[in-house]
2 protein chains.
Amino acid sequence: MDLRHISFRLLEVFMSVVKTGSISETARRLHLTQPTVSLQIKRLQEAVGEPLLLIQQQKLHVTDAGLELFKTCQQVFGHFEDYQDFLTELNGGSRGRCKIAMVNTAQYILPKLLGPYSNLHPHVELPLEIGNRAEVLDRFERGEDDIYVFSHPPSLEHAQAARFLHNPLEFIVPLNHPLAHVKAVKLTDLMQYRFLLRENGSATRMLFESELQSRGLVLSDSVQMASNEAIRVAVASGMGIAVLSRHVLATDDTSFKVLNVTDTHLASHWYFVMRTDRYISHAARNFLKFAQQHVEQYLDTQWVRNELHNLDLN
Amino acid sequence: MDLRHISFRLLEVFMSVVKTGSISETARRLHLTQPTVSLQIKRLQEAVGEPLLLIQQQKLHVTDAGLELFKTCQQVFGHFEDYQDFLTELNGGSRGRCKIAMVNTAQYILPKLLGPYSNLHPHVELPLEIGNRAEVLDRFERGEDDIYVFSHPPSLEHAQAARFLHNPLEFIVPLNHPLAHVKAVKLTDLMQYRFLLRENGSATRMLFESELQSRGLVLSDSVQMASNEAIRVAVASGMGIAVLSRHVLATDDTSFKVLNVTDTHLASHWYFVMRTDRYISHAARNFLKFAQQHVEQYLDTQWVRNELHNLDLN
DNA sequence: GTTAGTTATAGGTTTTTATCTATGAGTTGC
DNA sequence: GCAACTCATAGATAAAAACCTATAACTAAC
């Protein structure tokens, strides 16, 4: 049997002949001429090297080899139908993988969207990568993921980005801090205290430092810590003060005090970013469509800035 | 996904690319050029309507759609391999069907060959048709079976035949018959008795009647019976006398007496007959090859006339 | 014995497929 | 920065596949 000379079309025609038991009838059904079908069968038999149909007592009779081939075809077409179903689900976004990489801070907000989405599409795999800005940027450069979540989006030469959430920064101090009960403070009042900062390159730190620089201020003392959690706990236990995203702070957390800094309103936005020079899975596009329609529903509306319609998701 | 534009070759190439993880390597292995493989993959992706391979971080990466297609291909090729195995068995004669039609009398001898053959090839179906000569001739005319067993083969215009066994006819009488203990009788001595005969057209009867005719003899009385068994039992119970094939008579059957008719030696031969204008299954050809090699072993050698080498079995 | 149906064959056309060579463009390693 | 890879693309050709029409040969039914 020489598979190379067998096409799916040939098998389709063969199956129809077996089903109808007639070459002419098959020709009619498939909108072919009778000689075409005759020839197809002849070629298939040559490729298989075995008679598949015989004319016995004036009617077509399927040989053993023919019947077995017919069964084989049924299985084979069955597998391709399954695959077609898979593709349909893939295209509908209800199956597949949506790989997202996000910076640490985003892990406080993204799950609110990912949870409902995952419930809607349980067959979509959602591998999440969480890292500091440098790590996520690295992945972005290499195009390892479908979607990236940044507060300061990187160069958009081969990417598109759209913001979806306001990201205000807050100054927090220990409960027993001298400023803890001051109604209104100014940025300069804070310079004398020790600041607990994320690593260099962190979006929060970048924003804070550029503000300081533009106003000619310098920190008297700072300590670098690896995570937002560490900073929050450290502040609560009196190690120093810090600037953190509003979203990192639980509203009911009373282990520290949020200052009212009247002359400074630091804020950035959360962006969904996707490369334009890389294949983005249907599942990922579908997730962004979902996000576009549902950010208001699942995230705190007071911070939502839904500009996801700017993304080209097709 | 458009199956019509997908060939098995295309899938083969695709599978190799997935396995090797490289287009160039596949080209080398399949003795193709690299652009050929690139193009094949491109065409396959177009036919599927979905990317199957991506270049990520300088190496080929299989997408979900690609991986699923790969699995589908494995299954599909698996089915064709199974089918190929089936064909191989079919060709080797160890699988398939061997349809044999034989006249009644042959059922006393053919099982001795069919038994051992069937043990050797348990997967070969052996549907047997047994009928009187007219019925088997009818089947022969319509070409309904692979092999026919006749003692008088029909016209050989679209058939070939070869004999394999001598078929002597014997005269039998009841134990209490006047001739039962006569040492030697002549054919004319028998004419006065009632003959039990098979239906008109039976080879035994034809042979007997043509002998009578050539010697100008006429039976005084005859009764027609439907089977050899019926005749044997009828003779034993004294209804009359009969001519029967030697092979129909068990050697240890003492319920009747075999006459020694000195002036008459009626005999024919058993033939295997196959049509030349019809497809003959491998299993059937294989059975005849088996018969050619083993008739001496399984049939009474004293009657064997093995001329099966005259058959064209390829 | 004519008609209507079947399958087979011969001969031809248009498309598609399976390849190739040549070449370009991007990466990796030294 | 060049050699040695990778994959992609363009352009060309020879083979094959997928059809067609016309026609023959056979069978069944009226």
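Here is the naming used below: chain letters follow the sequence lines, and residue numbers restart at 1 for every chain.
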How long is the line joining [atom1] of [X] and [atom2] of [N], in whole Å?
X       : N      : atom1 : atom2 : result
A:Lys59 : D:dA29 : NZ    : P     : 13 Å
B:Leu53 : D:dC7  : CG    : C1'   : 11 Å
A:Leu44 : C:dA8  : CG    : P     : 13 Å
A:Glu46 : C:dT9  : CD    : P     : 10 Å

List the residues meeting side-chain contact (heavy atoms from CB on, under 4.5 Å) with B:Ser151, not counting sequence neighbours, and say none if there are none.
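Only B:Asn167, B:Ala203, B:Ser268, B:Trp270 meet the side-chain contact (heavy atoms from CB on, under 4.5 Å) criterion with B:Ser151.
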Using side-chain contact (heavy atoms from CB on, under 4.5 Å) as the criterion, list what pairs up with B:Glu50, not counting sequence neighbours.
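By the side-chain contact (heavy atoms from CB on, under 4.5 Å) rule, B:Glu50 matches A:Leu87, A:Leu90, A:Asn91, A:Tyr279, A:His282, B:Val48, B:Ala65.
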Should the pair B:Phe164 and B:Phe272 be assigned to parallel (<30°), tilted (30 to 60°) or perpendicular (>60°) ring geometry?
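Rings of B:Phe164 and B:Phe272: parallel, as their planes differ by under 30°.
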If the sugar-phosphate is the primed atoms plus P, OP1 and OP2 and the base is the rest, what is the B/S/- string for nucleotides 16-27 of chain C, using protein heavy atoms under 4.0 Å?
-SSBBBB----S
Using a 3.5 Å distance criterion without hydrogens, assess whether the side chain of B:Arg285 forms a donor-acceptor pair with backbone atoms of B:Asn314.
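Yes: the side chain of B:Arg285 pairs with the backbone of B:Asn314.
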Can a donor-acceptor pair be found, under 3.5 Å and without considering hydrogens, that links the side chain of A:Thr72 to the backbone of B:Tyr83?
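Checked: no pair found.
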Enter the distance from A:Ile280:CD1 to A:Lys99:NZ here, rounded to the nearest 0.5 Å.
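The distance works out to 11.5 Å.
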Per the end-axis method with five pairs at each terminus, what is the bend angle of the helix from C:dG1-D:dC30 to C:dC30-D:dG1, to 10°?
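One end's axis against the other's: 30°.
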Keeping to residues at least two apart or across chains, list the side chain to side chain donor-acceptor pair (under 3.5 Å) pairs with something in residues 13-26 of chain A.
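Every pair satisfying side chain to side chain donor-acceptor pair (under 3.5 Å) with a residue in residues 13-26 of chain A: A:Ser16-A:Thr26, A:Thr20-A:Thr26, A:Glu25-A:Arg28, A:Glu25-A:Arg29.
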Which atom pairs link the protein and nucleotides 4-6 of chain D when you take only N or O atoms and keep those under 3.5 Å?
residue, atom, partner, partner atom, Å
D:dT6, OP1, B:Arg28, NH2, 2.9
D:dT6, OP2, B:Arg28, NH2, 3.3

Is it the case that the side chains of A:His269 and A:His152 hold a donor-acceptor pair, with the cut-off being a distance below 3.5 Å and no angle test?
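On atom types as modelled, these side chains do not qualify, holding no pair under 3.5 Å.
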Under a 3.5 Å threshold, yes or no: a donor from one side chain and an acceptor from the other, between B:Gln40 and B:Arg9?
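No, no side-chain donor-acceptor pair sits under 3.5 Å.
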Ring centroids only, cut at 6.0 angstrom: are B:Tyr271 and B:Phe150 within range, meaning strictly under it?
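Not under 6.0 Å, so no.
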